Amino acid sequence: MPREYKLIFTGSMGAGKTTAIAAISEIAPVSTDVQNTDLQTNSKATTTTALDYGEVTLDGGDKLRLYGTPGQARFDFMWKILGVGALGVVILVDNSRPDPIADLRDYLHAFNDLARGSRAVVAIGRTDTHDHPSIDEYHAAIESFGLSTPVLSVDVRRREDVLLLLDILFHQIEALDASHTEAVDGDAR
Amino acid sequence: MSRRRAMTLTVLGLSLRDEILVKSLLNVVSSNTQAEWSFTDEMDADLVLYDPQSPFARTTIQKFQHSGRPSCVALLYGNESKDVSSAPMPRSIRAPLRVGEFMELLDATSDTGRKPSTPVMASTREDRMTAGGSAGLPEEALSSISISSQQWLTDVLQALIADSDASRSKALWRVEIDGCSLELLLPEKRFVLRDTKMTIDALVELALRVRVDSVLRLNRTLSDTSSRTGSIGKPVDALLWRIGLRMMPAPDAPWLQDDVTVRLKRWPDFGHLGAQKIHLAFTAYLTKSSWRIDALLETSGQSRSELHAFLGACGLIGLLDITPAPPSTTAAPIAARRLGVSGLFRSLRNALRMGA
């Protein structure tokens with residue numbers, strides 16, 4: 001029976017969740033974008049009110065399901081629901097926002113279990129026009145959670161950048177699995 | 001013209017990063033000190049900078065103090081009280097090292113007749129390295145530091161970054177190398193190439209074979225540079241990373257030895273560095289735990305030169321921790337067959353056309 005895996009893209013409104021999913025999904029992404037009535041927070045014309053969905057078919061018919069969470073904090077109850085059982089989470093942060101470090105903290109808090117399990121990667125967008133906060137400051141914020149999550153400056157409009165994020169996520173999980181196996185094997189010896 | 005006295009400095013018990021910073025800083029300031037200072041690995045140096053928390057360093061220093069030579073100065077990392085005695089030589093200096101204090105220490109060592117705390121000399125030197133705007137100078141060059149005598153670009157960049165980290169002052173520097181100008185924005189750690197036709201790859205080639213001609217501090221703001229170039233520049237780490245991957249490490253580089261363990265402080269920003277697949281795998285392992293070099297080679301199945309290049313690049317951007325391996329540490333071949341080849345992720349990479 002084909003298995004299903006779930007990958008979450010989360011982040012603030014306008015951070016690029018819909019774009020990132022569209023970059024790798026093999027189907028036209030299903031979006032629930034509507035007219036953005038919160039223009040004070042972000043000037044984009046439309047925004048996601050429920051979630052985005054895309055998918056990738058794996059060997060043997062297995063499916064990787066891609067979910068983009070709604071960005072607004074009032075939907076934070078959905079973040080935790082979506083995170084349950086996920087393979088990992090890509091946290092997208094918009095460096096042009098007023099307090100992107102606070103945004104990151106919100107998402108690290110919401111996806112704490114995944115982040116603690118080395119199943120998270122943080123992608124900072126718009127660093128080419130906004131160099132503050134710096135990558136070092138993001139790392140400091142992450143370390144204050146007791147985490148060592150990777151932080152990358154990327155442009156999710158480029159497919160290769162999205163693939164890089166996923167590759168790093170996969171490498172982290174593989175290294176974790178290998179070290180767990182190693183510990184078990186070591187115990188057995 | 002009087003010839004400058006040749007003097008030597010070494011370090012004891014410092015981390016590799018601090019040792020590199022001391023060497024770089026020494027290279028940058030040595031042409032401005034009274035004596036001509038150089039680094040040595042020998043313990044018969046004129047000055048030893050040591051970590052007082054290191055038991056080995058403490059024991060060695062105690063032996064030195066009986067003989068009175070060399071001069072030993074502790075590098076203080078914590079809240080220890082700094083020695084402010086009126087002796088000609090200070091016995092401690094605060095980390096991170098600041099250019100002015102470091103030069104003052106070197107001069108005090110070479111000239112025991114002069115008190116190191118002489119304020120006029122110290123502030124003059126400090127101004128030459130880090131002063132702000134000056135109405136009497138032209139718009140462009142505010143001041144020059146004389147490091148024209150054959151410094152490598154990596155050493156210059158690391159020294160300027162170290163000084164900026166210590167002082168947290170904003171500054172714009174111009175580094176000239178073989179007709180190419182790059183402007184370095186600190187503490188943002190970004191750079192722009194003044195010749196827009198010059199590529200980073202070409203600059204990397206220059207940095208590998210030619211030494212720096214001059215370094216100037218500019219009397220402009222970062223925003224002036226941004227508006228001129230239409231961007232805020234590229235990260236300096238991206239430049240150091242590329243140079244690091246291409247550099248031939250010194251034969252005594254710690255990461256060339258099998259009996260050390262290495263670890264990364266955190267993930268590099270691969271969004272800017274342009275990582276290869278194996279770099280991601282190395283990083284995933286090295287951010288989780290410390291590895292012996294031989295174990296990592298066996299686990300990764302990669303060539304020694306590949307691993308050394310990666311570690312050299314990580315060292316240049318300040319992310320590499322190196323420690324002696326405990327005697328009981330053994331190679332860990334258990335994960336060798338698992339690196340990047342587990343079933344689910346192979347399937348995911350295939351489906352996403354990521355390549356092997």
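No experiment lies behind these values; they were computed from the predicted model shown. Letters A, B, ... are given to chains in the order of the sequence lines, protein chains preceding strands, and every chain is numbered from 1.
With contacts defined as side-chain heavy-atom distances shorter than 4.5 Å, the pair Thr127(A)/His272(B) qualifies. Leu352(B) has its side chain within reach of Phe170(A): a pair of non-hydrogen atoms, C-beta onward, lies under 4.5 Å apart.
Looking at Pro235(B), there are no atoms closer than 4.5 Å to chain A (heavy atoms on both sides), in backbone or side chain. Heavy atoms of Arg159(A) lying under 4.5 Å from chain B belong exclusively to its side chain. Interface remark: His132(A) contributes side-chain atoms only to the contact with chain B (heavy atom separation under 4.5 Å). For Thr129(A), the part lying under 4.5 angstrom from a heavy atom of chain B is the backbone only. Looking at Leu64(A), only its side chain comes within 4.5 Å of chain B, counting heavy atoms on both sides.
Between chain A and the residues Thr283(B), Leu348(B), Thr287(B), the most heavy-atom pairs under 4.5 angstrom are made by Leu348(B). Among Asp136(A), Asp155(A), Thr149(A), the residue with the largest count of heavy-atom pairs under 4.5 Å with chain B is Asp136(A). In terms of heavy-atom pairs under 4.5 Å with chain B, the best-connected choice from Asp62(A), Val151(A), Ile168(A), Asp161(A) is Ile168(A).
Residues Lys189(B) and Asp131(A) are not paired through a salt bridge, judged by the lack of any N-O separation under 4.0 Å between the basic side chain and the carboxylate.
Here the CG-CZ distance, from Leu163(A) to Arg353(B), works out to 8.5 Å after rounding to the nearest 0.5 Å. With rounding to the nearest 0.5 angstrom, the CD atom of Glu143(A) is 7.5 Å from the CZ atom of Arg266(B). We find the CG-CG distance between Leu344(B) and Leu87(A) to be 6.0 Å, quoted to the nearest 0.5 Å.
Across all non-hydrogen atoms, the minimal contact from Leu280(B) to His171(A) is CB-ND1, 3.5 Å. Contact detail for Lys288(B) and Leu176(A): the closest heavy-atom pair is CE-CD1, 3.7 Å. Shown here for Leu164(A) and Phe270(B), the closest heavy-atom pair between the two residues is CD2-O, 3.6 Å. Scanning all heavy atoms of the two residues, the minimum distance from Ser347(B) to Leu58(A) falls at OG-CB, 3.3 Å. Scanning all heavy atoms of the two residues, the minimum distance from Met354(B) to Leu166(A) falls at CE-CB, 3.5 Å.
Residue-environment remark: CZ (Arg157(A)) stays at or below the threshold of 12 foreign heavy atoms within 6.0 Å.
Contacts of Leu21(B) classified as side chain to side chain contact (heavy atoms under 4.5 Å, CB included), with partners at least two apart in sequence or in another chain: Arg17(B), Asp18(B), Ala162(B).
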